[in-house]
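Working notes, structure below.
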Amino acid sequence: MEQHTIKNIQLNGKGDNNTSPLTLKGTPSIIRIEEENAVNDNFIAANTTPITLLEIKNKHTIPVYVKDNTPCISQVEYIETTMNAAKATLNKPIANLAIRVSHPIKGRTFEARSKKAADLLDHEKTIYNERMAFVFELPYFKENINGQELTLTVAGIKAYNNDNLYSYGGSLQKFKIGIGYKVKVCTNLCIFTDGASLEIKARNVEELQSAIIELFESASFLKLIPALQKFGEYELTELQFATLLGKTRLYNHLPAESKREIPPLLISDSQISTVAKEYYNNGTFMRNSNGSINLWSLYNLFTDSIKSSYIDTFLDRNLNAFEFTSGIVDALEGKEHYSWFLK
């Protein structure tokens, strides 16, 4: 397997082991990235709409802090900062930016205050989306697991409902980001613990940029591949699978004291039902003829079901799916931590 390492580099692409940690000074557009139309990538599905970066720039307003009308870090700034940081830190081309949004916040201009909604003209409407998710690929980094091609992918989440916008400018905003792999056949994301940060807090673009670069420089994403390959080495019998699904349905109804003794499971009951359905029907990751299913297939059934999550919980559940499947591996090896789900 080719060794892919992350190095500190200078913006001209040259670097060595003695360079200081990389920083991108100034605006997030130092490295020019061509704005293409949105890729039709169904990495998330629930109540979301695909959109282009250009459309957000040209047609959407930027939310502000109520106390002093200071603008928040915009969705465009977050996307461009992340893309520039990935391209500079990994020193490889990026491609296939896909953006999906949800929970539109609609408004209107003062002149249109008395009009009926149906009579509003386009220039009288204002809008921004409360929640936004994006992914883009680094196609140089590819792997293959159980016959499925994987491409290194970055995923980011911005949900303004997690911020206190009834404050003053300069307050902390929250961002989520992860780097992992995307399974080509199904666009499922494989995000692991070392490659994710579920609560980056930043007051401005510079702080956000620094935190993203720190994650990219420290993420040993090659460690993810052996873990994913290991999933394919373990199987659940039909009875074990049925027990696992039954316990996952019981989990959310456990008394609080009992639940504290068991590792967390964030996947919802409806998503567990989807896993049960796809166990029989998924053309790529369904059960074997004897009813058994390997953990690579089970993991992909989990990550596929998670696409029905709202944007602000999507990355959390995706990471939890990896941790949960890794825990089932441990349980099959005789460790107790996750054994409750198989007993």
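Quick note: numbers below take in every heavy atom, side chains included, and nothing from hydrogens, waters or symmetry partners. The model shown is predicted, which means the values in this text are computed figures rather than measured ones. Along the sequence shown, residues carry numbers from 1.
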Side-chain donor-acceptor pair under 3.5 Å between Asn161 and Asp312, yes or no?
yes

Begin with the C-alpha distance, continue with both residues' side-chain angles, and end with the deciding distance and a verdict on side-chain hydrogen bond (donor to acceptor under 3.5 Å, both in side chains) for Thr243 and Gln240.
CA-CA 5 Å; Thr243 302; Gln240 286 174 316; over 6 Å; no

N/O donor-acceptor pair under 3.5 Å between Ser210 side chain and Glu207 backbone:
no

So Ile62 and Pro71, do their side chains get closer than 4.5 Å, heavy atoms only?
yes

Rounded at 0.5 Å granularity, tell me how far OG1 in Thr187 sits from CD1 in Ile44.
10.5 Å

For Ser309 and Arg317: C-alpha separation, side-chain torsions, deciding distance, then whether side-chain hydrogen bond (donor to acceptor under 3.5 Å, both in side chains) applies.
CA-CA 8 Å; Ser309 303; Arg317 288 178 174 175; 3.2 Å; yes

Please answer: with hydrophobic residues joined when any side-chain heavy atoms are less than 4.5 Å apart, are Ile272 and Leu254 in the same cluster?
yes

Point-to-point distance, once rounded to the nearest 0.5 Å, from CG of Leu265 to CZ of Arg249
11.5 Å

CD1-NZ distance between Ile145 and Lys230, expressed to the nearest 0.5 angstrom:
13.5 Å

Answer yes if the ring centres of Tyr310 and His103 are under 6.0 angstrom apart, and no otherwise.
yes

Could you walk me through whether Phe141 and Phe221 satisfy the ring pair (Phe, Tyr, Trp, His ring centres under 6.0 Å) test, starting with their C-alpha distance in whole Å, then the side-chain angles of each, then the deciding distance to 0.1 Å, before giving a yes or no?
CA-CA 10 Å; Phe141 303 98; Phe221 55 86; 5.3 Å; yes

Quick one: does Gln173's side chain get under 4.5 Å of Cys72's, heavy atoms only?
yes

Indicate yes or no for a side-chain donor-acceptor contact from Gln271 to the backbone of Ser268 under 3.5 Å, with no hydrogens or angles considered.
yes

Spatial distance of atom CD1 (Ile177) from atom CG (Leu198) [nearest 0.5 Å]
11.0 Å

Using the side-chain hydrogen bond (donor to acceptor under 3.5 Å, both in side chains) rule, collect all pairs that involve residues 147-156, keeping only residues at least two apart or in two chains.
Lys142-Glu149, Lys142-Thr151, Gln148-Trp296

Hey, is the main chain of Ser171 close enough, under 3.5 Å, to the side chain of Asn164 for a donor-acceptor pair?
no

Verify side-chain contact (heavy atoms from CB on, under 4.5 Å) between Tyr279 and Ile293, making sure each step is shown before the conclusion.
CA-CA 8 Å; Tyr279 168 76; Ile293 185 169; 4.1 Å; yes

Pair Glu261 + Lys259: basic N to acidic O under 4.0 Å:
no

Are Glu137 and Lys92 ion-paired here, with the side-chain N under 4.0 Å from a carboxylate O?
no

Answer yes if the side chains of Lys277 and Asn282 hold a donor-acceptor pair under 3.5 Å, and no otherwise.
no

Are Lys176 and Asp316 close enough for a salt bridge, meaning some N to O gap below 4.0 Å?
yes

Measure from the ring center of Tyr65 to the ring center of Tyr168 and say whether it is less than 6.0 Å.
no

State which residues pass ring pair (Phe, Tyr, Trp, His ring centres under 6.0 Å) with His60; sequence neighbours excluded, sorted by chain then number.
none

Is there a side-chain contact between Phe322 and Phe302 (heavy atoms, below 4.5 Å)?
no

Can you check whether Gly291's main-chain N or O pairs, donor with acceptor, with Asn288's side chain at less than 3.5 Å?
no

Give a yes or no answer on whether the side chain of Glu77 reaches the backbone of Ser74 with a donor-acceptor pair at less than 3.5 Å.
yes

Return yes if some donor-acceptor pair links the side-chain N/O of Asn294 with the main-chain N/O of Leu236 below 3.5 Å, else return no.
no

Between the CD atom in Glu55 and the CD1 atom in Ile99, the distance rounded to the nearest 0.5 Å is 9.5 Å

Under 6.0 Å between ring centres, would you say that holds for Tyr299 and Phe285?
no

Taking Glu278 for its side chain and Asp304 for its backbone only, find out whether a donor-acceptor pair lies under 3.5 Å.
no

Do Glu333 and Tyr234 get their side chains close enough for a donor-acceptor pair, meaning under 3.5 Å?
yes

Just to verify, what does Glu124 make a salt bridge (Lys or Arg N to Asp or Glu O under 4.0 Å) with, not counting sequence neighbours?
Lys115

Would a distance-only check, ignoring hydrogens and angles, find a side-chain to backbone donor-acceptor pair under 3.5 Å from Thr82 to Tyr78?
yes

Could you tell me if the side chain of Phe43 sits less than 4.5 Å from the side chain of Lys307, heavy atoms only?
no

Do any N or O atoms from the side chain of Asp68 and from the backbone of Thr70 form a donor-acceptor pair under 3.5 angstrom?
yes

Between the main-chain N or O of Glu206 and the side-chain N or O of Gln209, is there a donor-acceptor pair closer than 3.5 Å?
no

